[in-house]
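In this chain, numbering begins with 1 at the start of the sequence shown. Atoms within a ligand are numbered from 1 in the order they appear, just like the ligands themselves.
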Amino acid sequence: MADTTLTWLGHASFRLDTSGGKRVYIDPFLNGNPKCPENELEPERADIIALTHGHGDHVGDTVAIAQKHGSTVVALVELAGWLGKNGVDEGKLRNPNKGGTEHVDGVLITLVNAFHSGSAPDGSYAGEPSGLVVETEDGKSIYFAGDTCVFGDMQLIGRIYHPDVAVLPIGDHFTMGPREASVAMDLLGVKRVVPCHWGTFGLLTGTPDQLDVPAGVTLETMEPGGTITV
Ligand code: NI
Ligand code: MN
């Protein structure tokens, strides 16, 4: 079995290539994302797209990618409904709510809590924002916090899903900044953390060097286009 790898596409967008050969896009905001590498703007395939919430910098190119590649799209029920009305094949939509796990071709995707606001790109209601836990065929677990502030029940996410890697927003203003993200790392009890939602726009002032990294945690600071093995 191949390794599961995680590639940062800038902002909160990631490509996850799983041990079983599935290509999963998380919040694929590619076109319009000033940090998305040029060679990542047009995915060559996309088996699964998973979304944390309806804001435009997370829904991004979802509709176009799903139409082109016939991707299965996992999103919270109201957001999934919006996607179905806006061009995603309803037969390819999975519409869980928080706490629900979708099994998609050997990859498990669970919606977990997040504290943020939510609407679809056209301003309509898109349900509550969520985080995502993706569990791959090799048993690896990756937690994408989505847009959120820190919250105490991140402890539960650590306890239940044991993420090998946590992907946390640190940019401040629209999400938690470094001070809260440092506590999030501790609450999750995770060993490896990838910072995201930073450096995209001038408003996002939080940077990885401002993090107070707990003992035993490896900070996996990436450049857009960079990849780590999970
Ligand atoms: Ni947001
Ligand atoms: Mn955002």
Item to check | Asp147 and Thr175 side chains, donor-acceptor separation under 3.5 Å | outcome: no
Checklist entry - Got an N, O or S from Asp57 under 2.8 Å of the Ni ion (ligand 1)? => result no
Checklist outcome for this item: Taking every heavy atom of Glu128 against every heavy atom of Leu76, the minimum-distance pair comes out as O-CD1, 3.5 Å
Item to check | Whether His11 and His197 hold their rings parallel, tilted or perpendicular, with breakpoints at 30° and 60° | outcome: tilted
Checklist entry - Is there an N/O/S atom in His58 at a distance below 2.8 Å from the Ni ion (ligand 1)? => result no
Checklist entry - Rounded to the nearest 0.5 Å, how far apart are NE2 of His162 and NZ of Lys140? => result 15.0 Å
Item to check | Geometry at the Ni ion (ligand 1) - Asp147 OD2 versus His116 NE2 angle, rounded to 10 degrees | outcome: 90°
Checklist entry - Do the ring planes of Phe201 and Phe29 sit parallel (below 30°), tilted (30 to 60°) or perpendicular (above 60°)? => result tilted
Checklist entry - Quick check: does His53 put an N/O/S atom under 2.8 Å from the Mn ion (ligand 2)? => result no
Next on the checklist: For N/O/S atoms only: which one belongs to Asp57 and is nearest the Mn ion (ligand 2)?
Outcome noted: OD2
Next on the checklist: Starting from Leu108, can I reach Leu51 by hopping between I/L/V/M/F/W/Y residues whose side chains sit under 4.5 Å apart?
Outcome noted: no
Item to check | N/O/S from His116 sitting under 2.8 Å away from the Mn ion (ligand 2) | outcome: no
Next on the checklist: Nearest 10°: the angle subtended at the Mn ion (ligand 2) by His197 NE2 and His58 NE2?
Outcome noted: 110°
Item to check | At the Ni ion (ligand 1): angle between His55 atom ND1 and His53 atom NE2, to 10 degrees | outcome: 90°
Checklist entry - Distance only, no hydrogens: is a donor on one side chain within 3.5 Å (strictly under) of an acceptor on the other, for Ser141 and Asp164? => result no
Checklist entry - For the Mn ion (ligand 2), what is the closest N, O or S atom on Asp147? => result OD2
